[in-house]
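Values in this document were obtained by computation on a predicted structure and should not be read as measured data.
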Amino acid sequence: MKSAKLINGKIEIIDVFKPILTSKGAIIRVLGCGLCGSDIVKIKHATPENEDKIILGHEVVGVIEDINVKVKNLKMGDVVALGHHYPCLDKQNCQFCKNESYSMCPTFKSSNIYPAGFSEYIKVDENHLRHTVYRMNPYLKDDEKAFLEPLSCCLRAIRRAGYNYDNDNSNHSALVIGLGSIGLLMLKGLRAFKVNAFGFDISQERSIKAASQGFCFDANKKYDTVFLTAGSDKAIKTALENVVDGGKIVVFSSVKDDLAGFSNNDIYYRELSIISSYSPSMDDIKLSAELLNNKVVEVSNLSTHYSLDNLAKAVDDSIKGNVFKAYIEI
């Protein structure tokens, strides 16, 4: 079968053996996989020492072709989307799971799909099925279903900011800085949480796209919470200028310059809370499936389609900003 692999710094589509079930789990025939910004970061920062360990693609939608365990009524023929990591959930012996820092759990960091999301088939284990795999609404298009994992990451950030889905958050305001696909997804997640959501980007094209869906920017307003989804150190200054005193800034992206950061005195004298969010909990994936399946969060017409053989072009187009979101049909 075909699978994407990074070889000598270049994306190659190679032939590998189709995975088989040697333990409890499932074989999923991949219909498509979204291209995540983290895939691009991995490709750009790959070294000869680590590229063999890089797994490309994780925003997977596919059909269960074989399954040998009863979990959540999942069965052969189900069209599913999934997450690629899961924690141990041992709250007695794992300090990270005990403190609900699930993405810091060693099991979370070591678990993954096999061999890669950009493959014709993948194997998932029983814990994937139990915690990250969800049957998707057949009325959704495949590229919409593939937003399960990235939306769940956004929901985690929203929850870490202190917002509860079951609460009325309509007296709160939030600004998302950086209106790429993740930024727009964050805005849609905030709207689902009934938070007054606003967006800012230095790109006029992206600002117009967000505004067309009701997400504008008010320069005369200060915001309770600011979400940094732009991978630019300049966004830090913009965040500080737009957050209220006593407010929160949620860091949801990496920047090129590791020395970039927040001024100690800005944080201290303004009593700002600087928090971060990295990956979802299992509850976030579950809620993401619910919001997508019920079209509470609408993600239609966001993706540009590429074939697996054109994955390298999809990456290049994404880096150049030629597409909003790339989806790879398998």
Atom [atom1] of [X] with >12 non-hydrogen neighbours under 6.0 angstrom:
X	atom1	value
E290	CD	yes
K222	NZ	yes
R29	CZ	no
F217	CZ	yes
K42	NZ	yes
K91	NZ	yes
N301	CG	no
K109	NZ	yes

From [atom1] ([X]) to [atom2] ([Y]), nearest 0.5 Å:
X	Y	atom1	atom2	value
K248	F227	NZ	CZ	9.0 Å
R156	R160	CZ	CZ	5.5 Å
D233	S253	CG	OG	10.5 Å
S111	N127	OG	CG	8.5 Å
I177	L228	CD1	CG	5.0 Å
K286	L291	NZ	CG	12.5 Å

Under 3.5 Å, side chain of [X] to main-chain N/O of [Y], donor-acceptor pair present?
X	Y	value
N169	F193	yes
K72	L129	yes
S288	D284	no
S101	M104	no
N293	A289	yes
D66	I27	no
D78	V80	no
N196	S170	yes
E51	P48	no
N99	Q95	yes

Test item: [X] and [Y] side chains (from C-beta on) under 4.5 Å apart, heavy atoms:
X	Y	value
Q213	K188	yes
Y165	L287	yes
V251	F262	yes
F96	P106	yes
F118	D39	yes
N68	K24	yes
S173	K221	yes
I28	V63	no

Do [X] and [Y] sit in the same hydrophobic cluster, where Ile, Leu, Val, Met, Phe, Trp and Tyr count as joined when their side-chain heavy atoms come under 4.5 Å apart?
X	Y	answer
I182	I202	no
V297	L140	yes
V71	L148	no
L151	L179	yes
L155	L302	yes

State, to 0.1 Å, how close [X] and [Y] come at their nearest heavy-atom pair, and which atoms those are.
X	Y	result
C97	P87	SG-CB, 3.7 Å
V323	S318	CG2-OG, 3.7 Å
A197	L187	CB-CD2, 3.8 Å
C153	Y278	SG-O, 4.4 Å
C33	V60	SG-CG2, 3.9 Å
K145	A81	O-CB, 3.3 Å

Check your understanding: Do the numbers put K325 on top of the ring of F147, so that NZ or CZ is under 6.0 Å from the six-membered ring centre and no more than 45° off the axis?
Key -> yes

Within the 3.5 Å criterion, strictly below it, is a donor on [X] or [Y] matched to an acceptor on the partner's side chain?
X	Y	result
Y268	S263	no
E298	S300	yes
D125	Y86	yes

Review point. Which class fits the ring pair H58 and H84: parallel under 30°, tilted 30 to 60°, perpendicular over 60°?
Key: parallel

Point to revise | Verdict with reasoning, T225 to I158, per side-chain contact (heavy atoms from CB on, under 4.5 Å) | key: CA-CA 10 Å; T225 311; I158 294 168; over 6 Å; no

Review point. Does a salt bridge link E241 with K237, judged by any charged N lying under 4.0 Å from a carboxylate O?
Key: yes

Review point. Thinking salt bridges, do D316 and K313 make one under a 4.0 Å N-O criterion?
Key: no

Review point. When the aromatic ring centroids of Y327 and Y306 are compared, is their separation below 6.0 Å?
Key: no

**Study point:** Centroid-centroid distance, Y102 to F108, less than 6.0 Å
**Key:** no

**Study point:** Verdict with reasoning, L190 to F215, per side-chain contact (heavy atoms from CB on, under 4.5 Å)
**Key:** CA-CA 11 Å; L190 285 162; F215 303 111; over 6 Å; no

Expected list for residues 2-18: side-chain donor-acceptor pairs under 3.5 angstrom, two or more places apart:
from: K2; atom 1: NZ; to: D309; atom 2: OD2; distance (Å): 3.3
from: S3; atom 1: OG; to: S119; atom 2: OG; distance (Å): 2.6
from: K5; atom 1: NZ; to: D52; atom 2: O; distance (Å): 2.7
from: K18; atom 1: NZ; to: E65; atom 2: OE1; distance (Å): 2.6

Check your understanding: Y121 and V30: side-chain contact (heavy atoms from CB on, under 4.5 Å), yes or no, with the steps?
Key -> CA-CA 5 Å; Y121 293 87; V30 179; 5.7 Å; no

Point to revise | Stepwise side-chain contact (heavy atoms from CB on, under 4.5 Å) check, L240 with L272 | key: CA-CA 9 Å; L240 290 169; L272 298 178; 3.7 Å; yes

